[in-house]
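These figures come from a predicted structure and were not determined experimentally. Here is how names work: the chains are called A, B, and so on, in the same order as the sequence lines, proteins then strands, and each is numbered from 1. FYI, side chains are in, hydrogens and waters are out, and symmetry mates aren't considered; it's all heavy atoms of this structure.
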Amino acid sequence: MSLFYFVAFLSIFFSLMVIITKNPVHSVLYLVITFFTFTVHYVLLNAQFLAVVNFIVYMGAIMVLFLFVLMLLNLNKETEPMKSVLIKVIGAVAGMCLLVTVAGSIRAMEVSDPLILKNPDIGLVSSLGKVLFNEFLLPFEISSLLLLTAMVGAVLLAKKEQKSI
Amino acid sequence: METIVKDMQGIPLNHYLLLSSVIFSIGVIGVLTRRNVIIIMMSIELMLNAVNLLLAAFSVYHGDASGQVFVFFVMALAAAEVAVGLAIIVMVYRNTRSIDINSLNKLKW
């Protein structure tokens, strides 16, 4: 039980480090650690499929993409643009206001029932696959179209423009 | 695995809600206070992940697998968004030689 609170503390700490550190590369690395703590959360929820997908897609694919772009653009601490202190304080206060509002509304809702695993195998690959390919077949196919469109768009956008056209 | 899952019995749902809202707010603060476009996109990833965790927690709480399927779709969408967004950032960097978000204020009134 205390494992959850330890991992929750770690994920909050590392996500804070993501937005505090000046160096963008360190920021990406802290984000990788944050996503790893999220994977631990999914394992704790017995959502093993989500844990594996989070590990492979987020920590593998997306973070490698971020790191490669940072390396291609040759960014480091010196080129990092910083906002003025006033804007930072205003942004932090606005975010805290959002947090207080959401937390207050949660407190007003009063759902403090303990989380009990009613059906221990809903997070496993076999049961999720059955749901995914029966009820959610159409959204699944549409998401494949979305990924194809995103791939074509990314290649088109990142390619150098031909001057002679 | 069984003992870990046994450990989970009894975390109040409130604490998951609180954790997710804290991480979502950290993402919002990151968007508001940083000027580097790539770090702004990383903050958006943080927000998406907070929502993913909450969806998975609710799915376990209700014993319904639809929430976890939805998390899967959100992950596919995040992958597409990151690919297109980073391509746009590379193109903007090629034109303006900076990743400062203030260099993109031509459309500002």
* Which bit of S15(A) comes within less than 4.5 Å of chain B, counting heavy atoms only: side chain, backbone, both or neither? -> both
* Output the option from T33(B), V31(B), N36(B), N49(B) having the highest count of non-hydrogen pairs under 4.5 Å with chain A. => N49(B)
* Asked: Is chain A contacted by the side chain of N52(B), its backbone, both, or neither, given a heavy-atom distance below 4.5 Å?
  -> both
* **Interchain contact, F24(B) with chain A, by part (heavy-atom threshold 4.5 Å)** => side chain
* Specify which of F140(A), F66(A), F68(A) makes the most heavy-atom pairs with chain B at under 4.5 Å. => F66(A)
* Structure fact -> If one checks every heavy atom of V84(B) against chain A at 4.5 Å, the contacting part turns out to be both
* To do: Give, as side chain, backbone, both or neither, the part of V28(A) having an atom under 4.5 angstrom from any heavy atom of chain B.
  => both
* **Top contributor to chain A contacts, counting heavy-atom pairs under 4.5 Å, from G27(B), G85(B), S66(B), A76(B)** => S66(B)
* Structure fact -> So, the part of L156(A) with a heavy atom under 4.5 Å from chain B: the answer is neither
* Structure fact -> Whatever's closer than 4.5 Å to a heavy atom in chain A on L48(B) counts as side chain
* Which residue out of I26(B), V90(B), I39(B) racks up the most heavy-atom pairs below 4.5 Å with chain A? -> I26(B)
* Hey, quick one: are L32(B) and M96(A) part of the same hydrophobic cluster, counting side-chain heavy atoms closer than 4.5 Å, chains of contacts allowed? -> yes
* How close do K159(A) and R94(B) get, heavy atom to heavy atom, and via which atoms? -> O-NH1, 3.6 Å
* Which heavy atom of A80(B) sits nearest a heavy atom of L147(A), and at what distance? -> CB-CD2, 4.1 Å
* Structure fact -> Between A154(A) and A87(B), the two heavy atoms sitting closest are O-CB, 3.6 Å
* Asked: Between M71(A) and M41(B), is there a shared hydrophobic cluster once you connect ILVMFWY residues whose side-chain heavy atoms come closer than 4.5 Å?
  -> no
* Check each atom of S21(B) against the heavy atoms of chain A and say whether the ones under 4.5 Å are side chain, backbone, both or neither. => both
* Asked: Quick check, are the ring centers of F14(A) and F36(A) under 6.0 angstrom apart?
  -> no
* Asked: Picking from I33(A), L31(A), V32(A), what satisfies side-chain contact (heavy atoms from CB on, under 4.5 Å) with F35(A)?
  -> L31(A)
* F73(B), CZ: over 12 other non-hydrogen atoms inside 6.0 angstrom -> yes
* Just give me the residue among S144(A), G153(A), S27(A) that pairs up with chain B most often, heavy atom to heavy atom, under 4.5 Å. => S27(A)
* Asked: So which of V18(A), L16(A), V57(A), V131(A) has the largest heavy-atom pair count under 4.5 angstrom toward chain B?
  -> L16(A)
* Hey, which of M75(B), M42(B), M91(B) has the most heavy atom pairs under 4.5 Å with chain A? -> M42(B)
* Structure fact -> From the list I101(B), L53(B), V28(B), the residue making the most non-hydrogen contacts under 4.5 Å with chain A is L53(B)
* Structure fact -> Closest non-hydrogen contact found for Y16(B) with L45(A) is OH-CD2, 3.6 Å
* With chain B, which of N54(A), V102(A), T34(A), L72(A) has the greatest number of heavy-atom pairs at distances under 4.5 Å? -> N54(A)
* **Approximate separation, where rounding is to 0.5 Å, of S11(A) OG and I23(B) CD1** => 4.0 Å
* Hey, what do you get for CG (D100(B)) to CZ (R34(B)), rounding to the nearest 0.5 Å? -> 11.5 Å
* Pick one of side chain, backbone, both or neither for T21(A), based on which atoms fall under 4.5 Å of a heavy atom in chain B. => backbone
* Can the ring centroids of F136(A) and F72(B) be said to lie less than 6.0 angstrom from one another? -> no
* Is it the side chain or the backbone of A61(A) that comes within 4.5 Å of chain B heavy atoms, both, or neither? -> neither
* Structure fact -> Looking only at A103(A), A94(A), S127(A), P139(A), most heavy-atom pairs under 4.5 Å shared with chain B are made by P139(A)
